[in-house]
A.B. asks: 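Take a look at the following structure, please.
For this chain, numbers begin at 1 and follow the sequence in order.
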Amino acid sequence: RSPEPLPWVPEGEVDWSIFPFGVLVGDVGSQSAVVQVHAELETSIIQWVLVVGQAEEWIEAQAGECSTGDIHPKTTRIELDGLESDQVYSIVLKRADQPLQRSSVTRFRTALADQDWRIVKFAVTSCFGGNRPFPSLSHVADEKVDFVCYLGDLVYADGSATEDEYWWHWKRTLSQSGMRALNASASMIATWDDHEFTNNYNPAETPQAELIYQMGLRNFRRAIPQRVESNDGIWRALNYGDVLDVFVLDCRTERSTEQYVSPQQLDWLKQSLTASTARFKILLNSVPISDFTDLIGEIEAVDRWQGYAAQRTELLSHIEENQITGVLWLAGDFHFGMVAKVGRVGELGDGMYEVLCGPAGSFINIMGELLIPSEQFQLPVAEWNTTVFTCNPEQGSVTVSFIGDEGQEHATKTLQL
(Lines give C-alpha, C1' and ligand atoms only; values in the text may rest on other atoms or scores of the structure.)
Protein backbone atom coordinates (compact mmCIF):
# COMPACT_ATOMS: atom_id res chain seq x y z
CA ARG A 1 0.00 0.00 0.00
CA SER A 2 1.06 3.59 -0.51
CA PRO A 3 2.43 5.36 2.58
CA GLU A 4 -0.02 7.10 4.90
CA PRO A 5 0.26 10.39 6.80
CA LEU A 6 0.42 10.38 10.58
CA PRO A 7 -3.05 10.03 12.18
CA TRP A 8 -5.30 13.01 11.61
CA VAL A 9 -6.11 15.09 14.71
CA PRO A 10 -8.91 17.62 14.04
CA GLU A 11 -9.67 20.43 16.43
CA GLY A 12 -11.91 19.84 19.44
CA GLU A 13 -12.14 17.12 22.05
CA VAL A 14 -13.57 13.63 21.69
CA ASP A 15 -16.88 13.37 23.55
CA TRP A 16 -17.53 9.69 24.17
CA SER A 17 -20.76 10.48 26.02
CA ILE A 18 -22.27 11.81 22.77
CA PHE A 19 -20.47 9.53 20.26
CA PRO A 20 -20.01 6.31 22.31
CA PHE A 21 -18.91 4.11 19.38
CA GLY A 22 -16.98 6.68 17.38
CA VAL A 23 -17.68 6.56 13.64
CA LEU A 24 -18.39 3.18 12.05
CA VAL A 25 -17.53 2.59 8.38
CA GLY A 26 -18.60 -0.52 6.51
CA ASP A 27 -18.91 -2.32 3.18
CA VAL A 28 -16.37 -0.07 1.48
CA GLY A 29 -16.13 -0.14 -2.31
CA SER A 30 -13.53 1.34 -4.63
CA GLN A 31 -15.42 4.65 -4.76
CA SER A 32 -17.91 4.43 -1.91
CA ALA A 33 -18.44 3.68 1.77
CA VAL A 34 -21.29 3.38 4.24
CA VAL A 35 -20.82 5.49 7.38
CA GLN A 36 -22.97 5.08 10.45
CA VAL A 37 -22.96 7.02 13.69
CA HIS A 38 -24.88 6.75 16.93
CA ALA A 39 -25.24 10.08 18.73
CA GLU A 40 -26.73 10.48 22.19
CA LEU A 41 -28.77 13.45 21.02
CA GLU A 42 -32.54 13.47 20.59
CA THR A 43 -32.62 15.83 17.61
CA SER A 44 -29.59 17.56 16.22
CA ILE A 45 -27.69 18.54 13.12
CA ILE A 46 -24.34 16.79 12.83
CA GLN A 47 -21.51 18.00 10.63
CA TRP A 48 -19.02 15.60 9.08
CA VAL A 49 -15.63 16.14 7.48
CA LEU A 50 -13.83 13.62 5.28
CA VAL A 51 -10.11 14.04 4.57
CA VAL A 52 -7.88 12.12 2.18
CA GLY A 53 -4.24 11.24 2.78
CA GLN A 54 -1.90 12.92 0.32
CA ALA A 55 1.83 12.31 0.82
CA GLU A 56 2.44 13.50 4.39
CA GLU A 57 -0.75 15.49 5.00
CA TRP A 58 -4.52 15.25 5.12
CA ILE A 59 -6.54 17.26 2.60
CA GLU A 60 -10.27 17.90 2.98
CA ALA A 61 -12.12 15.81 0.40
CA GLN A 62 -15.79 16.21 1.33
CA ALA A 63 -17.93 17.74 4.05
CA GLY A 64 -21.60 17.92 4.85
CA GLU A 65 -24.40 17.89 7.38
CA CYS A 66 -26.93 15.29 8.40
CA SER A 67 -29.64 15.06 11.01
CA THR A 68 -29.90 12.25 13.52
CA GLY A 69 -32.66 9.78 13.01
CA ASP A 70 -32.86 8.22 9.55
CA ILE A 71 -32.29 4.70 10.95
CA HIS A 72 -33.33 5.40 14.54
CA PRO A 73 -33.91 8.64 16.48
CA LYS A 74 -30.24 8.52 17.55
CA THR A 75 -28.65 6.73 14.60
CA THR A 76 -27.92 8.06 11.15
CA ARG A 77 -26.24 6.78 7.97
CA ILE A 78 -24.13 8.66 5.45
CA GLU A 79 -23.51 7.25 1.97
CA LEU A 80 -20.12 8.41 0.69
CA ASP A 81 -19.57 8.38 -3.07
CA GLY A 82 -17.02 9.80 -5.49
CA LEU A 83 -14.03 8.46 -3.56
CA GLU A 84 -10.71 7.41 -5.08
CA SER A 85 -9.86 3.72 -5.22
CA ASP A 86 -7.21 2.24 -2.90
CA GLN A 87 -6.86 5.51 -1.03
CA VAL A 88 -6.72 6.21 2.70
CA TYR A 89 -9.36 8.47 4.25
CA SER A 90 -10.28 9.71 7.72
CA ILE A 91 -13.65 10.97 8.89
CA VAL A 92 -14.92 12.85 11.95
CA LEU A 93 -18.38 14.00 13.06
CA LYS A 94 -19.25 16.88 15.35
CA ARG A 95 -22.23 18.75 16.70
CA ALA A 96 -23.21 21.68 14.48
CA ASP A 97 -24.20 23.79 17.49
CA GLN A 98 -21.05 22.91 19.48
CA PRO A 99 -18.39 22.01 16.87
CA LEU A 100 -15.65 21.40 19.43
CA GLN A 101 -17.63 18.40 20.68
CA ARG A 102 -16.66 15.72 18.21
CA SER A 103 -16.36 12.02 17.66
CA SER A 104 -13.13 10.10 17.51
CA VAL A 105 -11.55 9.82 14.04
CA THR A 106 -12.02 6.73 11.91
CA ARG A 107 -9.41 5.83 9.31
CA PHE A 108 -10.38 3.57 6.41
CA ARG A 109 -9.06 2.59 3.02
CA THR A 110 -11.17 2.24 -0.12
CA ALA A 111 -11.16 -1.02 -2.06
CA LEU A 112 -8.99 -1.70 -5.08
CA ALA A 113 -10.41 -0.87 -8.50
CA ASP A 114 -11.01 -3.51 -11.16
CA GLN A 115 -7.79 -5.23 -12.22
CA ASP A 116 -5.77 -3.63 -9.41
CA TRP A 117 -3.27 -5.99 -7.79
CA ARG A 118 -1.33 -5.83 -4.52
CA ILE A 119 -1.03 -7.59 -1.18
CA VAL A 120 -4.28 -7.21 0.81
CA LYS A 121 -4.35 -7.58 4.57
CA PHE A 122 -7.48 -8.01 6.69
CA ALA A 123 -8.49 -9.11 10.20
CA VAL A 124 -11.25 -11.47 11.34
CA THR A 125 -12.78 -12.45 14.66
CA SER A 126 -16.04 -13.60 16.26
CA CYS A 127 -17.85 -14.43 19.50
CA PHE A 128 -17.89 -11.53 21.98
CA GLY A 129 -19.45 -13.22 25.01
CA GLY A 130 -16.90 -12.05 27.59
CA ASN A 131 -13.24 -11.04 28.04
CA ARG A 132 -14.15 -7.38 27.74
CA PRO A 133 -12.74 -5.00 26.55
CA PHE A 134 -11.52 -7.49 23.86
CA PRO A 135 -7.76 -6.73 24.08
CA SER A 136 -6.68 -8.56 20.91
CA LEU A 137 -8.67 -6.08 18.82
CA SER A 138 -6.67 -3.15 20.18
CA HIS A 139 -3.38 -4.76 19.18
CA VAL A 140 -4.59 -5.56 15.65
CA ALA A 141 -5.76 -1.94 15.27
CA ASP A 142 -2.11 -0.90 15.06
CA GLU A 143 -1.73 -2.89 11.82
CA LYS A 144 -4.16 -0.63 9.91
CA VAL A 145 -5.53 -3.51 7.85
CA ASP A 146 -7.56 -3.04 4.69
CA PHE A 147 -10.76 -4.18 6.42
CA VAL A 148 -12.11 -6.14 9.39
CA CYS A 149 -14.58 -9.03 9.27
CA TYR A 150 -16.92 -10.04 12.09
CA LEU A 151 -18.29 -13.58 11.80
CA GLY A 152 -21.23 -13.41 14.16
CA ASP A 153 -22.15 -13.54 17.84
CA LEU A 154 -21.10 -9.91 18.19
CA VAL A 155 -23.68 -9.74 20.97
CA TYR A 156 -25.27 -12.32 23.22
CA ALA A 157 -28.81 -10.96 23.27
CA ASP A 158 -30.37 -14.26 24.39
CA GLY A 159 -33.67 -13.74 26.17
CA SER A 160 -34.12 -10.13 25.06
CA ALA A 161 -37.79 -9.27 24.70
CA THR A 162 -37.79 -5.60 23.67
CA GLU A 163 -35.93 -3.29 21.33
CA ASP A 164 -34.24 -1.59 24.27
CA GLU A 165 -33.03 -4.91 25.66
CA TYR A 166 -31.49 -5.91 22.31
CA TRP A 167 -29.87 -2.51 21.92
CA TRP A 168 -28.34 -2.66 25.41
CA HIS A 169 -26.22 -5.62 24.26
CA TRP A 170 -25.08 -3.79 21.13
CA LYS A 171 -24.16 -0.67 23.13
CA ARG A 172 -22.09 -2.76 25.52
CA THR A 173 -20.14 -4.46 22.71
CA LEU A 174 -19.52 -1.42 20.49
CA SER A 175 -18.39 0.81 23.34
CA GLN A 176 -15.60 -1.53 24.52
CA SER A 177 -12.11 -0.09 24.04
CA GLY A 178 -11.01 -2.98 21.80
CA MET A 179 -13.99 -2.44 19.50
CA ARG A 180 -13.48 1.32 19.46
CA ALA A 181 -9.82 0.93 18.53
CA LEU A 182 -10.25 -1.62 15.75
CA ASN A 183 -13.31 0.05 14.24
CA ALA A 184 -11.45 3.37 14.18
CA SER A 185 -8.58 1.78 12.24
CA ALA A 186 -10.44 0.16 9.31
CA SER A 187 -13.80 -0.44 7.69
CA MET A 188 -15.85 -3.49 8.65
CA ILE A 189 -17.75 -6.31 6.96
CA ALA A 190 -20.10 -8.30 9.20
CA THR A 191 -22.42 -11.28 9.24
CA TRP A 192 -24.45 -12.71 12.12
CA ASP A 193 -25.06 -16.00 13.91
CA ASP A 194 -27.59 -17.08 16.53
CA HIS A 195 -26.85 -14.86 19.54
CA GLU A 196 -27.79 -11.68 17.67
CA PHE A 197 -31.30 -13.17 17.99
CA THR A 198 -31.36 -15.85 20.69
CA ASN A 199 -29.41 -19.00 21.50
CA ASN A 200 -29.64 -21.60 18.70
CA TYR A 201 -32.03 -19.42 16.72
CA ASN A 202 -33.75 -21.43 13.99
CA PRO A 203 -36.76 -19.90 12.19
CA ALA A 204 -38.32 -23.36 11.83
CA GLU A 205 -38.12 -24.20 15.53
CA THR A 206 -37.72 -21.08 17.70
CA PRO A 207 -40.94 -19.87 19.38
CA GLN A 208 -41.99 -16.42 18.12
CA ALA A 209 -39.25 -16.75 15.52
CA GLU A 210 -40.51 -13.94 13.26
CA LEU A 211 -40.80 -11.43 16.10
CA ILE A 212 -37.29 -12.31 17.31
CA TYR A 213 -35.94 -12.10 13.77
CA GLN A 214 -37.38 -8.64 13.14
CA MET A 215 -36.02 -7.23 16.40
CA GLY A 216 -32.62 -8.81 15.76
CA LEU A 217 -32.56 -7.52 12.18
CA ARG A 218 -33.49 -3.95 13.14
CA ASN A 219 -30.78 -3.81 15.78
CA PHE A 220 -28.17 -5.36 13.46
CA ARG A 221 -28.98 -2.73 10.82
CA ARG A 222 -28.83 -0.01 13.47
CA ALA A 223 -25.47 -1.17 14.80
CA ILE A 224 -23.55 -2.23 11.67
CA PRO A 225 -22.94 -0.06 8.58
CA GLN A 226 -23.80 -2.25 5.60
CA ARG A 227 -25.20 -2.26 2.11
CA VAL A 228 -28.76 -3.52 1.92
CA GLU A 229 -29.16 -5.67 -1.18
CA SER A 230 -32.36 -6.22 -3.13
CA ASN A 231 -32.81 -9.64 -1.48
CA ASP A 232 -33.43 -7.71 1.81
CA GLY A 233 -31.14 -10.18 3.55
CA ILE A 234 -27.53 -9.77 4.55
CA TRP A 235 -25.83 -12.02 1.99
CA ARG A 236 -23.79 -9.92 -0.40
CA ALA A 237 -20.39 -9.66 -2.11
CA LEU A 238 -17.62 -7.06 -2.00
CA ASN A 239 -14.72 -6.77 -4.41
CA TYR A 240 -11.06 -5.83 -3.92
CA GLY A 241 -9.89 -5.67 -7.52
CA ASP A 242 -8.30 -8.76 -9.01
CA VAL A 243 -6.99 -9.78 -5.58
CA LEU A 244 -10.08 -10.99 -3.74
CA ASP A 245 -13.84 -11.13 -3.55
CA VAL A 246 -15.54 -11.34 -0.15
CA PHE A 247 -18.79 -13.33 -0.01
CA VAL A 248 -20.88 -12.60 3.09
CA LEU A 249 -23.18 -15.52 3.90
CA ASP A 250 -26.28 -15.79 6.07
CA CYS A 251 -26.11 -19.29 7.51
CA ARG A 252 -28.61 -18.71 10.32
CA THR A 253 -31.92 -17.07 9.40
CA GLU A 254 -32.85 -19.08 6.27
CA ARG A 255 -32.68 -22.49 7.90
CA SER A 256 -35.48 -25.03 7.90
CA THR A 257 -35.65 -28.77 8.39
CA GLU A 258 -34.72 -29.13 4.71
CA GLN A 259 -32.25 -26.32 4.04
CA TYR A 260 -29.29 -24.59 5.65
CA VAL A 261 -29.55 -21.59 3.32
CA SER A 262 -32.30 -20.63 0.89
CA PRO A 263 -32.12 -21.91 -2.70
CA GLN A 264 -31.83 -18.26 -3.76
CA GLN A 265 -28.73 -17.68 -1.61
CA LEU A 266 -27.17 -20.97 -2.70
CA ASP A 267 -27.73 -20.22 -6.39
CA TRP A 268 -26.37 -16.69 -5.94
CA LEU A 269 -23.24 -18.02 -4.27
CA LYS A 270 -22.58 -20.68 -6.91
CA GLN A 271 -23.07 -18.21 -9.75
CA SER A 272 -20.95 -15.54 -8.06
CA LEU A 273 -18.08 -17.94 -7.39
CA THR A 274 -18.14 -19.08 -11.01
CA ALA A 275 -18.14 -15.50 -12.29
CA SER A 276 -15.40 -14.25 -9.95
CA THR A 277 -12.07 -13.41 -11.60
CA ALA A 278 -10.38 -12.55 -8.30
CA ARG A 279 -7.33 -14.55 -7.24
CA PHE A 280 -8.91 -15.32 -3.85
CA LYS A 281 -12.53 -16.01 -2.96
CA ILE A 282 -13.09 -15.36 0.76
CA LEU A 283 -16.30 -16.83 2.20
CA LEU A 284 -17.57 -15.42 5.51
CA ASN A 285 -19.32 -18.28 7.20
CA SER A 286 -20.67 -18.01 10.75
CA VAL A 287 -20.59 -21.78 11.46
CA PRO A 288 -18.00 -24.11 9.85
CA ILE A 289 -18.51 -26.08 6.65
CA SER A 290 -15.69 -28.52 7.53
CA ASP A 291 -16.48 -32.16 8.15
CA PHE A 292 -15.94 -32.67 11.90
CA THR A 293 -16.65 -36.42 11.85
CA ASP A 294 -13.17 -37.35 13.06
CA LEU A 295 -13.42 -34.90 15.97
CA ILE A 296 -16.98 -35.06 17.27
CA GLY A 297 -18.85 -37.33 14.87
CA GLU A 298 -22.41 -36.12 14.26
CA ILE A 299 -22.74 -34.20 17.54
CA GLU A 300 -24.66 -30.96 16.86
CA ALA A 301 -24.25 -31.54 13.12
CA VAL A 302 -27.69 -29.97 12.60
CA ASP A 303 -26.17 -26.64 13.68
CA ARG A 304 -23.61 -26.53 10.84
CA TRP A 305 -23.31 -27.38 7.14
CA GLN A 306 -22.50 -30.99 8.00
CA GLY A 307 -26.11 -31.57 9.07
CA TYR A 308 -27.41 -30.46 5.66
CA ALA A 309 -25.52 -32.90 3.47
CA ALA A 310 -27.41 -32.21 0.24
CA GLN A 311 -26.67 -28.47 0.13
CA ARG A 312 -23.13 -28.93 1.42
CA THR A 313 -22.42 -31.50 -1.28
CA GLU A 314 -24.05 -29.34 -3.97
CA LEU A 315 -21.91 -26.32 -3.10
CA LEU A 316 -18.57 -28.08 -2.62
CA SER A 317 -19.12 -30.21 -5.75
CA HIS A 318 -19.85 -27.05 -7.74
CA ILE A 319 -16.53 -25.55 -6.63
CA GLU A 320 -14.56 -28.69 -7.43
CA GLU A 321 -16.27 -29.54 -10.73
CA ASN A 322 -15.86 -25.98 -12.03
CA GLN A 323 -12.24 -25.88 -10.85
CA ILE A 324 -12.80 -22.67 -8.91
CA THR A 325 -9.47 -21.78 -7.34
CA GLY A 326 -8.42 -19.61 -4.43
CA VAL A 327 -11.39 -20.50 -2.21
CA LEU A 328 -10.90 -19.87 1.52
CA TRP A 329 -13.64 -20.49 4.07
CA LEU A 330 -13.70 -18.45 7.30
CA ALA A 331 -15.89 -19.31 10.30
CA GLY A 332 -16.42 -18.60 13.98
CA ASP A 333 -18.85 -20.12 16.50
CA PHE A 334 -16.62 -22.94 17.86
CA HIS A 335 -14.74 -20.72 20.36
CA PHE A 336 -11.24 -21.71 19.29
CA GLY A 337 -9.02 -20.92 16.35
CA MET A 338 -7.97 -23.50 13.80
CA VAL A 339 -6.62 -24.09 10.31
CA ALA A 340 -8.20 -27.18 8.73
CA LYS A 341 -9.11 -28.85 5.47
CA VAL A 342 -12.82 -28.70 4.69
CA GLY A 343 -13.04 -32.40 3.87
CA ARG A 344 -11.58 -35.57 5.32
CA VAL A 345 -8.55 -36.86 3.42
CA GLY A 346 -9.64 -38.23 0.06
CA GLU A 347 -13.19 -36.89 0.40
CA LEU A 348 -15.13 -33.93 -0.95
CA GLY A 349 -13.55 -30.61 0.07
CA ASP A 350 -10.13 -31.94 1.04
CA GLY A 351 -8.51 -29.46 -1.37
CA MET A 352 -10.00 -26.41 0.38
CA TYR A 353 -9.01 -24.74 3.65
CA GLU A 354 -11.20 -23.36 6.39
CA VAL A 355 -9.92 -21.09 9.18
CA LEU A 356 -11.80 -20.75 12.47
CA CYS A 357 -11.27 -17.16 13.68
CA GLY A 358 -11.54 -15.90 17.26
CA PRO A 359 -13.07 -15.97 19.74
CA ALA A 360 -12.41 -12.42 20.84
CA GLY A 361 -14.24 -12.88 24.11
CA SER A 362 -16.33 -16.03 24.55
CA PHE A 363 -15.09 -18.95 26.67
CA ILE A 364 -12.46 -21.17 25.07
CA ASN A 365 -13.82 -24.51 23.87
CA ILE A 366 -11.92 -27.40 25.48
CA MET A 367 -11.97 -29.10 22.08
CA GLY A 368 -9.29 -26.67 20.94
CA GLU A 369 -7.12 -27.55 23.93
CA LEU A 370 -7.44 -31.31 23.41
CA LEU A 371 -7.19 -31.39 19.61
CA ILE A 372 -4.12 -33.22 18.31
CA PRO A 373 -3.02 -31.84 14.91
CA SER A 374 -3.66 -34.12 11.95
CA GLU A 375 -3.62 -33.97 8.16
CA GLN A 376 -7.12 -32.49 8.22
CA PHE A 377 -7.09 -30.46 11.46
CA GLN A 378 -3.70 -28.89 11.10
CA LEU A 379 -3.36 -26.03 13.60
CA PRO A 380 -5.54 -25.53 16.72
CA VAL A 381 -5.34 -22.28 18.73
CA ALA A 382 -7.10 -22.47 22.10
CA GLU A 383 -6.67 -18.77 22.98
CA TRP A 384 -8.62 -15.56 22.64
CA ASN A 385 -7.52 -14.05 19.36
CA THR A 386 -8.12 -11.86 16.36
CA THR A 387 -6.92 -13.52 13.16
CA VAL A 388 -4.94 -11.55 10.56
CA PHE A 389 -4.79 -12.65 6.91
CA THR A 390 -2.13 -11.46 4.46
CA CYS A 391 -3.13 -12.30 0.88
CA ASN A 392 -0.31 -12.30 -1.67
CA PRO A 393 -1.82 -12.68 -5.16
CA GLU A 394 1.58 -12.93 -6.86
CA GLN A 395 2.50 -16.00 -4.81
CA GLY A 396 -1.04 -17.35 -4.48
CA SER A 397 -0.51 -17.54 -0.72
CA VAL A 398 -2.45 -16.48 2.36
CA THR A 399 -0.58 -16.17 5.65
CA VAL A 400 -2.78 -16.67 8.71
CA SER A 401 -1.67 -15.19 12.07
CA PHE A 402 -3.57 -15.59 15.35
CA ILE A 403 -2.94 -12.46 17.49
CA GLY A 404 -3.58 -12.72 21.22
CA ASP A 405 -4.61 -10.38 24.02
CA GLU A 406 -1.03 -9.27 24.72
CA GLY A 407 -0.29 -8.62 21.05
CA GLN A 408 1.61 -11.89 20.76
CA GLU A 409 1.38 -14.21 17.76
CA HIS A 410 -0.03 -17.47 19.08
CA ALA A 411 0.49 -19.29 15.79
CA THR A 412 0.96 -18.64 12.08
CA LYS A 413 0.62 -20.70 8.92
CA THR A 414 0.96 -19.90 5.20
CA LEU A 415 -1.55 -21.55 2.89
CA GLN A 416 -1.11 -22.07 -0.85
CA LEU A 417 -4.45 -21.63 -2.57
A.B. asks: Find the distance between CD1 (I224) and CG (L154) and round it off to the nearest 0.5 Å.
C.D. replies: 5.5 Å

A.B. asks: Does any donor atom in the side chain of N219 or E163 lie under 3.5 Å from an acceptor atom in the other side chain?
C.D. replies: yes

A.B. asks: Considering only heavy atoms from C-beta outward, does the side chain of Y213 approach that of T253 to under 4.5 Å?
C.D. replies: yes

A.B. asks: Please check this pair: side chain of T313 against backbone of A309, looking for a donor-acceptor N/O pair closer than 3.5 Å.
C.D. replies: yes

A.B. asks: Using a distance-only test with no angle check, is there a side-chain donor-acceptor pair under 3.5 angstrom linking Q259 and E254?
C.D. replies: no

A.B. asks: Checking K341 against Y353: charged group under 6.0 Å from the ring centre and within 45 degrees of the axis?
C.D. replies: yes

A.B. asks: When R344 is tested against each of D294, D350, D291 for side chain to side chain donor-acceptor pair (under 3.5 Å), which residue passes?
C.D. replies: D294

A.B. asks: Looking at side-chain heavy atoms only, is the closest gap between T76 and I71 below 4.5 Å?
C.D. replies: no

A.B. asks: Considering the options L415, L330, I282, which one meets the side chain to side chain contact (heavy atoms under 4.5 Å, CB included) requirement together with F389?
C.D. replies: L330

A.B. asks: Consider only side-chain N and O atoms of Q226 and R221, and report whether a donor and an acceptor are under 3.5 Å apart.
C.D. replies: yes

A.B. asks: Do T173 and Y156 have side-chain atoms, one donor and one acceptor, less than 3.5 Å apart?
C.D. replies: no

A.B. asks: Is there a side-chain contact between D27 and R236 (heavy atoms, below 4.5 Å)?
C.D. replies: yes

A.B. asks: Output the distance between atom CZ (F197) and atom OG (S160), rounded to the nearest 0.5 Å.
C.D. replies: 12.0 Å

A.B. asks: Answer with yes or no whether the side chains of T399 and T414 bring together a donor and an acceptor at under 3.5 Å.
C.D. replies: yes

A.B. asks: Answer whether the closest heavy-atom distance between the side chains of F19 and S104 falls below 4.5 Å.
C.D. replies: no

A.B. asks: Can you tell me if K270 has over 12 outside heavy atoms packed within less than 6.0 Å of its NZ?
C.D. replies: yes

A.B. asks: Quick one: is the NZ or CZ of R252 closer than 6.0 Å to the six-membered ring centre of W192, and within 45° of its axis?
C.D. replies: no

A.B. asks: Given 3.5 Å as the limit, does a donor-acceptor pair link the side chain of Q47 with the main chain of G64, or not?
C.D. replies: no

A.B. asks: If you measure only the distance, is there a donor-acceptor pair under 3.5 Å linking the side chains of T386 and S136?
C.D. replies: yes

A.B. asks: Please identify which of these residues, P359, S286, C127, S362, meets the side chain to side chain contact (heavy atoms under 4.5 Å, CB included) condition with D153.
C.D. replies: C127

A.B. asks: Under 3.5 Å, is there a donor-acceptor pair linking the side chains of T110 and Q87?
C.D. replies: no

A.B. asks: Compute whether any side-chain donor of one residue and acceptor of the other, for T412 and S401, lie under 3.5 angstrom apart.
C.D. replies: yes

A.B. asks: Give a yes or no on whether a salt bridge exists between E4 and K144, defined as a side-chain N under 4.0 angstrom from a carboxylate O.
C.D. replies: no

A.B. asks: Heavy-atom count check: over 12 atoms from other residues, nucleotides or ligands less than 6.0 Å from L100 CG?
C.D. replies: yes

A.B. asks: Using modelled atom types and a 3.5 Å cut-off, is there a donor and acceptor pairing between side-chain atoms of Q265 and backbone atoms of V261?
C.D. replies: no

A.B. asks: Quick one: CG on L315 to CD on E320, what's the gap to the nearest 0.5 Å?
C.D. replies: 10.5 Å

A.B. asks: Between the side chain of S256 and the main-chain N/O of E258, is any donor-acceptor distance below 3.5 Å?
C.D. replies: yes

A.B. asks: Check whether any side-chain heavy atom of W329 lies under 4.5 Å from a side-chain heavy atom of M352, and answer yes or no.
C.D. replies: yes

A.B. asks: Flag the pair L83 / Q62 as yes when at least one side-chain heavy-atom distance between them is below 4.5 Å, and no otherwise.
C.D. replies: yes

A.B. asks: Test salt bridge (charged side-chain N to carboxylate O under 4.0 Å, His left out) on K94 and D15; report intermediate values, then the result.
C.D. replies: CA-CA 9 Å; K94 53 190 175 182; D15 192 327; over 6 Å; no

A.B. asks: Quick one: do the Q101 and R95 side chains pair a donor with an acceptor below 3.5 Å?
C.D. replies: yes

A.B. asks: With side chains defined as the heavy atoms from C-beta onward, is the minimum distance between V287 and D193 less than 4.5 Å?
C.D. replies: yes

A.B. asks: Please confirm whether the backbone N or O of V34 pairs with a side-chain atom of E79, one donor and one acceptor, at under 3.5 Å?
C.D. replies: no

A.B. asks: Does E314 have more than 12 heavy atoms from other residues, nucleotides or ligands lying within 6.0 Å of its CD?
C.D. replies: yes

A.B. asks: Would you say the side-chain atoms of T206 pair up with the backbone N or O of P203, donor to acceptor, closer than 3.5 Å?
C.D. replies: no

A.B. asks: Taking the six-membered ring for Trp, is the centroid-to-centroid distance between W170 and H38 below 6.0 Å?
C.D. replies: no

A.B. asks: Would you give the length of the straight line joining atom NE2 of H195 to atom OG of S126, rounded to the nearest 0.5 angstrom?
C.D. replies: 10.5 Å

A.B. asks: Can you name the side-chain contact (heavy atoms from CB on, under 4.5 Å) partners of D245, sequence neighbours left out?
C.D. replies: N239, F247, S276, A278

A.B. asks: To the nearest 0.5 Å, how far apart are CD in Q306 and OH in Y260?
C.D. replies: 11.0 Å

A.B. asks: Roughly how far apart are L273 CG and K281 NZ, rounded to 0.5 Å?
C.D. replies: 8.0 Å

A.B. asks: Check whether any side-chain N or O of Q408 sits under 3.5 Å from a backbone N or O of E406 as a donor-acceptor pair, and report yes or no.
C.D. replies: yes

A.B. asks: Begin from the C-alpha positions of F363 and H335 and carry the test ring-ring contact (aromatic ring centres under 6.0 Å, His included) through to its verdict.
C.D. replies: CA-CA 7 Å; F363 67 89; H335 295 194; 4.5 Å; yes

A.B. asks: Could you tell me whether R180 sits above the aromatic face of W16, with NZ or CZ closer than 6.0 angstrom to the six-membered ring centre and within 45 degrees of the axis?
C.D. replies: yes

A.B. asks: Compute the ring centroids of F147 and F108, then answer whether they are less than 6.0 Å apart.
C.D. replies: no

A.B. asks: Report yes if some heavy atom in the side chain of F336 is under 4.5 Å from a heavy atom in the side chain of L356; otherwise report no.
C.D. replies: yes

A.B. asks: Looking at the rings of F122 and Y240, which for Trp means the six-membered one, are their centres under 6.0 Å apart?
C.D. replies: no

A.B. asks: Between D146 and V120, is there a donor-acceptor pair closer than 3.5 Å when you use the side chain of the first and the backbone of the second?
C.D. replies: no

A.B. asks: Centres of the F128 and F134 rings: under 6.0 Å?
C.D. replies: yes

A.B. asks: Quick check: are there more than 12 heavy atoms from other residues, nucleotides or ligands sitting under 6.0 Å from CD1 of I372?
C.D. replies: no

A.B. asks: Looking at E300, I want to see if its CD is surrounded by more than 12 non-hydrogen atoms of other residues, nucleotides or ligands under 6.0 Å.
C.D. replies: no

A.B. asks: Please assess R102 against E13 for the test salt bridge (charged side-chain N to carboxylate O under 4.0 Å, His left out), listing each intermediate value before the final yes or no.
C.D. replies: CA-CA 6 Å; R102 64 172 177 86; E13 297 292 331; over 6 Å; no

A.B. asks: Looking only at the side chains, is there a donor atom on one of N183 and Y150 sitting less than 3.5 Å from an acceptor on the other?
C.D. replies: yes

A.B. asks: Less than 4.0 angstrom from a charged side-chain N to a carboxylate O is my criterion; do D86 and R118 meet it?
C.D. replies: yes

A.B. asks: Could you tell me whether a side-chain N or O of S103 sits under 3.5 Å from a main-chain N or O of L93, the two making a donor and an acceptor?
C.D. replies: yes

